[in-house]
Amino acid sequence: MLSAPSASPARQKTGSAASERQTPGVPRRRALAALLLAAPAMLAALPGPAVAQGRGPGDPGTFQPREIIDSGHQFFGSVSRGLALTVQEATRRWGEPNGYILGQEASGAIIGGVRFGEGTLFTRNAGQRKVFWQGPSLGFDVGGDGARSMMLIYNLPRVNALYRRFVGMDGSAYVVGGFGMSAVTADNIVVVPIRAGVGARFGINVGYLKFTDSPTWNPF
């Protein structure tokens, strides 16, 4: 009985070499597939742009607009549609704050001046803290004033992060019904002062606010 002729040594060697050349392609394809599967997770882990964004509705660490408005009505001593509209506008721009300050401030000058204030910081997870703020106000002011002030705070990671300088356009970027709103920022934290009465000044005040945990007369 005849048997099939065996492959020659040269052909066996050639087939073996071809197999060796094809084998490395398999790990490469597997590695590529693994990389494609991991790409979404890698992209999600990359830091996003430093845009000041508030947290969404329902976050347990934030204050809803209704809470802010009710607290403001008690603090300012009257129910005001202007306050409600101002808080709603801040919510539209930055979301829900995870902290807010109620306090009193006094400032004044025609061209340049100094602002000092003190109040209470309210947070969900760190309770209440006494805070103080100071800062120059440079721009077109309309004289001295002493006013109650509410400040909404966004993206505050911890209480100590508030004790720094915040730079911005310290003016009435939004004014309605006797209330004025402006914004200052530092390291993705946004502070939105809301002032009432004479404190809701018209104009642009270029400067900064510096927050401290104890009173000081040095605005710089």
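Annotation: side chain of E96 is in contact with side chain of P65 (closest heavy-atom distance under 4.5 Å). By the 4.5 Å heavy-atom criterion applied to side chains, V192 and M150 are not counted as neighbours. Between I101 and P193, the closest side-chain pair of non-hydrogen atoms is not below 4.5 Å. Using a 4.5 Å cut-off on side-chain heavy atoms (C-beta onward), L83 and H73 make contact. Put simply, the side chain of V131 reaches to within 4.5 Å of the side chain of L162, judged on heavy atoms. Residues V190 and I153 fail the side-chain proximity criterion, which asks for heavy atoms closer than 4.5 Å.
Ring geometry for F166 against F211 counts as perpendicular: the plane angle is over 60°, on a 0 to 90° scale with 30° as the lower cut.
Of all heavy-atom pairs spanning A186 and R164, the tightest one is CB-CD, 3.7 Å. Nearest heavy-atom pair, F179 versus T86, reported as atom, atom and distance to 0.1 Å: CB-OG1, 3.6 Å. The two atoms that bring P97 and I68 nearest to each other are CG-CD1, 4.3 Å, heavy atoms only. Here the closest non-hydrogen pair linking T91 and Y154 is N-OH, 4.3 Å. Across all their heavy atoms, I189 and P157 have their closest contact at CD1-CD, 3.8 Å. Of all heavy-atom pairs spanning R124 and P60, the tightest one is CG-O, 3.7 Å.
F63 and F122 have their aromatic ring centers separated by at least 6.0 angstrom.
For the residue pair T123 / Y100, no side-chain donor-acceptor distance below 3.5 Å is found, with atom types taken as modelled. With 3.5 Å as the limit, one finds a donor-acceptor pair spanning the side chains of Q134 and T212.
Taking OG of S149 as the reference point, atom CG of L209 lies at 8.5 Å (rounded to 0.5 Å). Atom CZ in R93 sits 13.0 Å away from atom CD in Q88 (nearest 0.5 Å).
Hydrophobic clustering of Ile, Leu, Val, Met, Phe, Trp and Tyr side chains at less than 4.5 Å, counting indirect connections, keeps F132 apart from V191. L156 and Y163 fall within a single hydrophobic cluster, where Ile, Leu, Val, Met, Phe, Trp and Tyr side chains are chained together by heavy-atom contacts under 4.5 Å.
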Can K130 and S214 be said to form a side chain to side chain contact (heavy atoms under 4.5 Å, CB included), step by step?
-> CA-CA 8 Å; K130 193 75 173 177; S214 59; over 6 Å; no
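Judged by distance alone, with hydrogens and angles left aside, the side-chain atoms of Q74 form no donor-acceptor pair with the main-chain N or O of S71 at under 3.5 Å. Put simply, the side chain of N98 never gets that close to the backbone of T62: no donor and acceptor are under 3.5 Å apart.
Salt-bridge annotation for R148 and E118: absent, with no side-chain N of the basic residue lying under 4.0 Å from a carboxylate O of the acidic one.
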